[in-house]
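Values in this document were obtained by computation on a predicted structure and should not be read as measured data. Atoms within a ligand are numbered from 1 in the order they appear, just like the ligands themselves.
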Amino acid sequence: MSEQQTESAETDDSIGEKLVELAKRRGYFFQSSGAYGGVGGFYTFGPQGAALKGNVEDAWRDRFAVAEGNMEIDAPTIMPEPVFEASGHLDGFDDMLVECPDCGESHRADHIVEDNTEYEDAESLPIPEVEEVIAEYELVCPNCGTGLAGQAVETFNLMFGTNIGPGDSQPGYLRPETAQGIFVEFPRLKEYARNQLPFGVTQIGRAYRNEISPRRSIIRTREFTQAELEFFIDPETDEPDLSAVADVEVRLYPASEQTAESAAQRAAEEASGDGEEPREGGEEIRTTIGDAVAEGVIASPWVAYFLGVAKRWYDAVGVDMDRFRFRQHLAGERAHYASDCWDAEGELDGNWIELAGFSDRGDYDLSKHAAHSEDRFTVFRQYDEPKTVERATVDPDMSYLGPEFGGDAQAVVSELETLAERDRAAFEGDNVTIELDGESHELPTEKTGFAVEEQTEAGEHIIPHVIEPSFGVDRLVYTVLHHAYREDEVDGEDRTYLELDPEVAPTFVGVFPLQNDDELEATANDIVADLRDAGLSVTYDDSGNIGRRYRRQDEVGTPFCVTVDYETLEEREAQRASDTASGDAPRAEAATVTVRERDTTAQKRLPVSELPEIMADLRAGELAFEDLDGKNES
Ligand code: GAP
């Protein structure tokens with residue numbers, strides 16, 4: 001049973017490819033609808049993948065909903081068109097598409113530019129410039145090699161449309177972000193928060209984007225899971241508890257440094273003509289959250305707070321902190337709703353991949369929904385002391401407005417109210433002019449009941465601002481697996497294993513009977529039942545030799561394996577015999593099993609009776625395997 005482990009040099013280059021193969025073979029993820037040829041951008045999480053994803057989501061919920069005291073909701077994934085008219089997605093949620101004139105394949109024009117030129121952020125370039133770059137660099141169709149110069153680059157809206165109910169009278173869309181499901185419910189959610197800012201609402205759920213070129217397995221798909229927090233604040237009065245994260249060390253790549261890098265790169269390339277010159281400028285900053293705020297590197301203390309919380313959380317779920325950073329969006333890269341955004345990025349096979357975005361959405365979303373709907377998207381801000389203010393009011397003479405304006409009389413009242421608030425001087429003359437449906441109307445000022453009055457006000461209605469940490473779950477699952485991927489040699493054989501964190505590992509313990517033997521199998525099954533009762537995820541495996549069973553669990557990333565052997569049965573019998581001889585009730589406490597740790601392959605014999613408690617403590621991180629007292633096996 002014992003194993004000898006030697007380290008082998010890791011080659012990171014092709015981990016992605018190996019991982020995708022392992023993921024399919026071991027039930028992590030695979031392209032869906034394979035029986036019908038599969039379709040790009042849709043993946044099924046198999047038994048291991050669904051469990052890992054569930055564990056990641058639970059860990060996210062514990063941290064960002066429960067521990068932060070935020071509310072969680074679960075909104076529909078299809079929403080009616082007016083929601084997306086208001087949110088700006090109908091007009092502005094586009095990617096750049098270029099179609100090959102020969103094979104007809106559609107591609108993301110900005111990706112073709114980024115993949116084949118020194119441009120790193122082609123998404124922020126205007127379309128004519130992208131067309132110029134395609135022509136200048138003579139870029140070709142990745143599918144068939146035909147030149148794309150002269151092809152029109154067009155915008156393509158990423159939302160999946162549908163019809164709600166029969167016919168096409170009520171168009172709807174599959175939500176492109178879970179966030180809108182939170183924003184549209186704000187008028188009710190603020191009531192649950194007792195109208196007190198700040199408060200946060202989370203949602204974990206599916207989002208849909210009709211990506212032009214889905215790629216890199218579950219990194220860019222057309223249906224994926226987001227875990228989003230919309231945190232509503234009063235921008236004038238609310239401040240985060242930065243002391244809770246001030247000492248968190250972070251690696252930051254601010255926009256200013258990226259711009260410096262691009263400028264230096266271009267200058268070097270121009271100077272050398274071969275693009276090979278080392279370049280200067282553009283450095284990541286290693287600092288703490290506290291210092292980054294103090295020095296103005298991160299403008300919003302709220303964004304900084306969530307970067308600090310997220311950094312700790314990513315570390316806890318198994319993202320390698322040596323391959324993790326926060327990068328600020330360049331101005332042209334920001335989404336239509338964001339005034340500032342930092343991405344959490346993980347390094348995979350030499351590329352930085354966006355794992356999450358932390359945006360300052362200001363009052364963009366709530367203002368838009370307020371303007372497009374009938375509901376109130378404000379919260380009452382109480383003043384410390386009541387304030388006496390002058391208010392311009394109107395009290396129009398309806399016996400005049402009615403006959404004069406008929407059905408438009410109420411609209412005239414609204415216009416007069418707005419005008420009084422906006423421009424008191426408009427009421428200084430004998431007549432007041434208002435605009436109604438593009439037409440000017442004059443009416444005598446005396447009929448408006450205009451007055452300026454002193455009023456005592458306890459507070460005012462404000463539109464809250466939103467800070468949004470938005471996590472992609474699928475990309476995180478991929479990153480956790482990628483960063484956990486290991487190769488070494490055990491007993492002279494190559495081994496692949498996933499060094500998954502116990503908190504997220506889909507299976508925590510594998511239990512094996514040493515051989516096909518009724519008594520060994522019955523004892524192993526009893527152990528499985530006890531471990532499951534302790535809340536652990538357990539798999540039972542009796543097929544193939546023990547070495548093969550260990551390798552299977554190593555590849556799945558199962559942290560511990562338990563083997564029941566003849567020593568277990570003998571120890572149990574000896575205990576029972578001695579208990580019977582001494583007149584005690586027969587017990588089985590003395591029986592031990594071999595417990596093997598995945599990463600070191602170290603083995604110890606531990607008492608069966610204590611296994612559930614030991615395993616639960618190992619999973620909770622309250623025990624370390626090397627500190628256990630059991631007899632070491634070599
Ligand atoms: N509500 C803000 C929002 O949706 P985003 O940057 O577009 O922001 C947030 O998306 C996260 O969702 C990304 O950081 C990424 O992890 C994930 N994501 C976005 N598009 C994706 C796709 N096509 N496939 C998989 N994950 C995606």
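- Of the protein's heavy atoms, R209 NH1, 2.8 Å lies nearest to atom 7 (O) of ligand 1.
- A cation-pi contact, defined as under 6.0 Å to the ring centre and within 45° of the axis, is absent between R327 and W352.
- Looking at L355 next to ligand 1, an N or O pair under 3.5 Å apart turns up.
- By the 4.0 Å heavy-atom criterion, T221 is counted among the residues contacting ligand 1.
- Using bins of under 30°, 30° to 60° and over 60° for the plane-to-plane angle, the ring pair F324/Y314 lands in the tilted bin.
- Under the 3.5 Å distance criterion, the side-chain polar atoms of R325 are left unmatched by any main-chain donor or acceptor of I285.
- In terms of polar-atom proximity, E230 is not counted as a contact of ligand 1, lacking any N or O under 3.5 Å from an N or O of the ligand.
- Ranking the protein heavy atoms by distance from atom 2 (C) of ligand 1 puts E468 OE1, 3.0 Å first.
- In terms of protein heavy-atom proximity, atom 9 (C) of ligand 1 is nearest to S470 OG, 3.1 Å.
- For the pair Q180 and ligand 1, no heavy-atom separation below 4.0 Å is found.
- The protein atom (non-hydrogen) at minimum distance from atom 15 (C) of ligand 1 is R475 NH1, 3.6 Å.
- Side-chain contact annotation: Y305 with E68, donor-acceptor N/O pair under 3.5 Å present.
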Working for ring pair (Phe, Tyr, Trp, His ring centres under 6.0 Å), residues F199 and F232: CA-CA 5 Å; F199 70 91; F232 300 100; 5.2 Å; yes
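- If you check which protein heavy atom lies closest to atom 18 (N) of ligand 1, you get F224 CE1, 3.5 Å.
- If you look at I219 next to ligand 1, the close heavy atoms, those under 4.0 Å, all belong to the backbone.
- Looking at residues two or more places apart in sequence or on another chain, you find a side-chain hydrogen bond (donor to acceptor under 3.5 Å, both in side chains) between E499 and R486.
- The proximity of Y337 to ligand 1, defined as any non-hydrogen pair under 4.0 Å, is limited to the side chain.
- The closest protein non-hydrogen atom to atom 17 (C) of ligand 1 is G472 CA, 3.7 Å.
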Taking distance alone, no hydrogens or angles, what donor-acceptor pairs closer than 3.5 Å link side-chain atoms of residues 30-37 to residues at least two apart or in another chain?
unit_1: Q31; atom_1: NE2; unit_2: V39; atom_2: O; d: 3.3
unit_1: S32; atom_1: OG; unit_2: F42; atom_2: O; d: 3.2

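- Ranking protein heavy atoms by distance to atom 10 (O) of ligand 1, first place goes to Q226 NE2, 3.3 Å.
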Steps toward ring pair (Phe, Tyr, Trp, His ring centres under 6.0 Å) verdict (F471, F64): CA-CA 11 Å; F471 292 68; F64 290 92; 5.0 Å; yes
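- Residue R188 places its CZ atom among more than 12 non-hydrogen atoms of other residues, nucleotides or ligands, all under 6.0 Å distant.
- Distance from atom 6 (O) of ligand 1 to its nearest protein heavy atom, with residue and atom name: E354 OE2, 2.9 Å.
- Residue contacts with ligand 1: V473 is excluded, as none of its non-hydrogen atoms falls under 4.0 Å.
- Looking only at side-chain heavy atoms (C-beta outward), R216 and R220 stay at 4.5 Å or farther from each other.
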